[in-house]
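Note sheet for the following structure.
Just so we're on the same page: letters track the sequence lines, and every chain starts at 1. Since this is a predicted model, take the numbers as computed values, not measurements.
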Amino acid sequence: AQSVTQLGSHVSVSEGALVLLRCNYSSSVPPYLFWYVQYPNQGLQLLLKYTSAATLVKGINGFEAEFKKSETSFHLTKPSAHMSDAAEYFCAVSRVSGGGADGLTFGKGTHLIIQP
Amino acid sequence: NAGVTQTPKFQVLKTGQSMTLQCAQDMNHNSMYWYRQDPGMGLRLIYYSASEGTTDKGEVPNGYNVSRLNKREFSLRLESAAPSQTSVYFCASTAGLAGVETQYFGPGTRLLVL
């Protein structure tokens with residue numbers, strides 16, 4: 001079964017500092033990996049996704065993530081945090097069932113706090 | 001386009017009551033999903049429908065039923081609500097398989113079961 005572990009339920013950084021949110025995955029097959037962001041009282045929206053085309057994936061709002069197979073990791077980074085980045089971030093891996101890859105397994109989420 | 005819409009936004013139920021959460025998408029997507037979100041648990045898949053006329057269980061299906069009414073609509077029913085079903089429920093859709101393609105989420109339904 002696939003699983004996702006996000007290290008740190010809360011991460012606090014200063015405005016302008018590097019953002020690093022950690023995600024490790026477990027998958028019996030080559031995975032598709034995703035980062036979603038959730039702003040307060042809203043649904044989730046896609047930040048970026050890895051689908052085996054390139055190991056360094058660029059997403060919206062200046063975020064990027066690097067797929068490292070040897071470390072089974074897909075950490076999310078942003079060089080300079082902005083106050084508007086404060087949100088909940090979820091890493092997810094594709095579910096694999098008898099019918100093929102369908103649905104997502106999500107990590108528990110990391111709440112990003114930006115200090116002024 | 002409205003994207004994915006959900007009704008109601010909020011609901012309070014008493015234990016044992018029933019209700020149906022409605023979801024609709026206007027993106028002509030084939031696949032639709034229901035998740036529940038609980039504090040510290042992330043999102044967990046309840047049921048999904050890969051295409052019109054098909055539904056499958058996800059990770060936490062007990063206590064729920066679903067209906068894929070047509071390509072646009074996918075409803076989630078609680079026949080006899082329990083306090084453990086207090087949660088935020090999200091509907092999502094994708095053009096193809098969600099394991100590969102982007103999922104588009106609705107704004108959520110907050111459910112409190114007393």
Side-chain angles (χ1 to χ4, degrees), chain A residues 1-10 21-25 27-53 57 59-60 87-111, chain B residues 2-7 9-10 21 23-25 27 29-51 54-61 66 74 87-110:
Chain A
Q2 295 70 44
S3 65
V4 173
T5 301
Q6 291 184 241
L7 298 176
S9 58
H10 291 78
L21 303 182
R22 300 177 186 273
C23 172
N24 289 88
Y25 70 91
S27 178
S28 58
V29 298
Y32 294 115
L33 293 160
F34 304 77
W35 276 100
Y36 281 84
V37 61
Q38 183 181 32
Y39 299 102
N41 299 314
Q42 294 186 27
L44 281 69
Q45 65 181 84
L46 182 70
L47 271 179
L48 50 81
K49 64 180 178 181
Y50 167 76
T51 57
S52 76
V57 182
I60 62 172
E88 191 85 14
Y89 291 80
F90 293 95
C91 183
V93 64
S94 51
R95 291 179 75 240
V96 176
S97 64
D102 203 7
L104 296 174
T105 296
F106 285 86
K108 295 183 178 181
T110 298
H111 186 64
Chain B
V4 180
T5 57
Q6 294 183 235
T7 55
K9 285 186 169 54
F10 304 96
L21 283 65
C23 173
Q25 52 89 11
M27 296 173 283
H29 285 172
N30 290 315
S31 304
M32 297 185 73
Y33 304 80
W34 276 105
Y35 291 90
R36 60 177 288 172
Q37 182 180 26
D38 302 293
M41 297 292 291
L43 277 77
R44 293 179 292 171
L45 183 65
I46 304 172
Y47 270 95
Y48 66 97
S49 171
S51 61
T54 68
T55 61
D56 285 287
K57 295 178 180 179
E59 183 184 353
V60 288
V66 291
F74 188 40
S87 188
V88 182
Y89 292 85
F90 288 100
C91 178
S93 70
T94 65
L97 294 178
V100 176
E101 301 191 32
T102 302
Q103 283 196 298
Y104 294 86
F105 285 82
T109 294
R110 295 180 181 275

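- Most heavy-atom pairs under 4.5 Å with chain A: of the set B/Leu43, B/Val88, B/Asp56, this distinction falls to B/Leu43.
- Of the two parts of A/Glu88, neither the backbone nor the side chain holds a non-hydrogen atom closer than 4.5 Å to a non-hydrogen atom of chain B.
- Without hydrogens or angle criteria, A/Tyr36 side chain to B/Gln103 main chain gives a donor-acceptor distance under 3.5 Å.
- Top candidate by heavy-atom pairs under 4.5 Å with chain A, chosen from B/Glu59, B/Gln6, B/Arg110, is B/Arg110.
- Expressed to the nearest 0.5 Å, how far OH of B/Tyr35 lies from CG of A/Leu44 amounts to 9.5 Å.
- Residues passing the ring pair (Phe, Tyr, Trp, His ring centres under 6.0 Å) test with A/Tyr25 are A/Phe67, sequence neighbours excluded.
- Residue pairs meeting the salt bridge (charged side-chain N to carboxylate O under 4.0 Å, His left out) criterion with at least one partner in residues 29-40 of chain B, sequence neighbours excluded, are B/Arg36-B/Asp38, B/Asp38-B/Arg44.
- Atom CG of B/Leu45 is separated from atom CZ of A/Phe106 by 9.0 Å, given to the nearest 0.5 angstrom.
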